[in-house]
Amino acid sequence: MTKQETIEKAKEHFGKLLEAQFDRVDMMKKQSKFLDYSKLDTIIIGIVGGDGIGPYITAQAERILKFLLKDDFEKGKVQFKEIDGLTIENRVRQMKPIPDDVLDELKKCHVILKGPTTTPRAGDPWPNIESANVAMRKELDLFANVRPVKVPEEGIDWVFYRENTEGAYALGSDGIHVNDDISVDFTVATYEGSYRIIKAAFDYAKKSGMNKVTVVTKANVVKTTDGKFLDIARKVAKDYPEVEWDDWYIDIMTAKLIDPNRRTQFKVMVLPNLYGDILTDEAAEFQGGVGTAGSANIGKRYAMFEAIHGSAPRMVEENRAQYADPSSIIKGAAMLLEHIGYMGEAKRLQMALDICGQYEKKLVITGRNTGATSEEFADYIMDTLNDPNLESKWNSYVKKCCR
Ligand code: IPM
Ligand code: MG
């Protein structure tokens, strides 16, 4: 191919990508309000095991949900829908990040609890298909990836609002290999997409009383997309005079998260997709690693809650899957409960998780037969939930540790 032909072919590819982005913007513009769960006769909770250790830990989180929602489950107010088929084998068989029949089932739910799924990359034994996570976020338009990190004894109380459907991820599997020498990826920021995530962060800062938002970009270098994100943040901030806000660049932000004097000043953070991906892993490390963090993926019609770690296929190969730590997906389950309006249950589950995982630690998970199994840990959580003195027990631990 001549140089000119190669350029024309790349332009054609780019044109198609832009068309899809126009469609996405139209879809966002049409979106109505957030679903009101209190108005539903039945809330359908989808349970998706995923790959590797996923089905093991997700089953434990499901047991805990059924335990906490027992009454409403029996009354039919809450329904569980187990959805199989989001495994790497099935995805590869159908060469789709989410097979059509699985997507149809997902769309019948209101909220979803999802175990980790394997994300292939070039050179892996699997074909390089798009990540199931990324596809689900796009298909169900789950634009807000909310990731809280708390370390009370260090004064850390952060909530990340990571943009979840655009940025470097929007076309992450659709870049152009122009020729052997040149490859191009794209980063997308739309007005609607940036506005809705920034607004969600400010709304949360206001509603929670945290009253502080930090906008993180690299707008000094990535001038077009990050520049737009920051610009929209300036506009949105004007609607929230009671919420203090500042903006930081991602590089210095990454450094300042480890500065004990500075980091306690951060509260709610809002940031484009890729920066959010990276910064939330760093943040989770202060709390005990990605295995301890939960993640909510929220859209107007659907919401999905997940563990933020991977599928750990090695644990399955080595017959240790039953020893996997279910804390992160259980934390996801607590966020799900809060999202659909079971505030008391969510709070109790969070307290039980703190007691079992951080304070009392009667059982320890090591990932091998030297520690407890996921099932034993879930039993421990449920025993703790049954304790009528749960709240005072939690309060006394918090007082002791954070004086
Ligand atoms: C996350 C994960 C995913 C992401 C991967 C598995 C595609 O790292 O949820 O943070 O990059 O978003
Ligand atoms: Mg990540």
Side-chain angles (χ1 to χ4, degrees), residues 48-54 57-58 61 86-88 91-92 96-98 112-124 126-149 158-175 185-188 193 197 216 250 253-254 257 269-299 302-315 324-325 327-333 335-336:
V48 182
D51 295 313
I53 58 170
I57 56 174
T58 310
L86 200 68
T87 59
I88 184 72
R91 286 183 280 140
V92 163
K96 291 225 161 132
I98 305 179
I112 296 152
L113 186 69
K114 186 188 81 52
T117 46
T118 299
T119 301
R121 60 171 180 191
D124 282 357
W126 307 108
N128 195 10
I129 53 173
E130 188 183 31
S131 146
N133 275 39
V134 173
M136 199 182 296
R137 292 167 185 167
K138 285 187 203 161
E139 288 287 353
L140 305 181
D141 200 27
L142 309 172
F143 65 90
N145 190 179
V146 184
R147 296 182 161 179
V149 170
W158 299 327
V159 182
F160 293 88
Y161 272 71
R162 164 189 175 189
E163 201 294 316
N164 215 18
T165 51
E166 38 190 65
Y169 282 60
L171 299 171
S173 297
D174 294 311
D185 265 315
F186 300 99
T187 296
V188 182
I197 184 73
V216 185
I250 181 64
M253 188 70 193
T254 312
L257 275 200
M269 283 158 267
V270 62
L271 62 184
N273 211 335
L274 183 59
Y275 307 146
D277 178 46
I278 297 167
L279 206 67
T280 54
D281 269 17
E282 184 194 3
E285 196 65 20
F286 293 105
Q287 186 184 262
V290 290
T292 60
S295 165
N297 297 266
I298 296 174
Y302 298 100
M304 182 266 280
F305 301 79
E306 60 182 345
I308 86 167
H309 54 74
S311 58
R314 189 174 307 145
M315 289 192 76
D325 189 348
S327 305
S328 180
I329 189 101
I330 297 174
K331 170 111 188 152
M335 296 176 86
L336 182 152

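Ligands are counted one by one from 1 in listed order, and the atoms in each one are counted from 1 as well. Values below: all heavy atoms of this structure, side chains included; hydrogens, waters and symmetry mates excluded. Start at 1 with the first residue, then count along the sequence.
Those atoms of ligand 1 with a heavy atom of Tyr169 less than 4.0 angstrom away are 4 (C), 11 (O), 12 (O).
From Thr254, atom OG1 reaches atom CD1 of Ile278 across 7.5 Å, with rounding to the nearest 0.5 Å. Atoms OG1 and CG, on Thr165 and Asn273 in that order, are 7.0 Å from each other to the nearest 0.5 Å. From Ile298, atom CD1 reaches atom OH of Tyr161 across 6.5 Å, with rounding to the nearest 0.5 Å. We find the CZ-CG distance between Arg162 and Asp277 to be 4.0 Å, quoted to the nearest 0.5 Å.
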**OP:** Decide side-chain contact (heavy atoms from CB on, under 4.5 Å) for Thr58 and Val48; before the verdict, give the C-alpha distance in whole Å, the side-chain angles of both, and the deciding distance to 0.1 Å.
**Re:** CA-CA 7 Å; Thr58 310; Val48 182; over 6 Å; no
Subject >> Chi angles and distances behind the side-chain contact (heavy atoms from CB on, under 4.5 Å) call for Met304, Leu140 >> reply: CA-CA 9 Å; Met304 182 266 280; Leu140 305 181; 5.5 Å; no
Subject >> Verdict with reasoning, Asp141 to Tyr302, per side-chain contact (heavy atoms from CB on, under 4.5 Å) >> reply: CA-CA 8 Å; Asp141 200 27; Tyr302 298 100; over 6 Å; no
**OP:** Decide yes or no on side-chain contact (heavy atoms from CB on, under 4.5 Å) for Leu86 and Arg91, but give the supporting numbers first.
**Re:** CA-CA 7 Å; Leu86 200 68; Arg91 286 183 280 140; 4.2 Å; yes
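Only the side chain of Arg137 comes within 4.0 Å of ligand 1, counting heavy atoms alone; its backbone N, CA, C and O stay farther away.
Among protein atoms, those of element N, O or S found less than 2.8 Å away from the Mg ion (ligand 2) are Asp277 OD1.
For the pair Arg162 and ligand 1, a heavy-atom separation below 4.0 Å is found.
Given atom 1 (C) of ligand 1, the protein heavy atom at minimum distance is Arg147 NH2, 3.3 Å. For atom 6 (C) of ligand 1, the nearest non-hydrogen atom of the protein is Thr119 OG1, 3.5 Å. The single protein non-hydrogen atom nearest to atom 2 (C) of ligand 1 is Asp277 OD1, 4.0 Å, given as residue, atom name and distance. Nearest to atom 7 (C) of ligand 1 among the protein's heavy atoms is Ser131 OG, 3.5 Å.
Side-chain contact annotation: Asp325 with Ser327, donor-acceptor N/O pair under 3.5 Å present.
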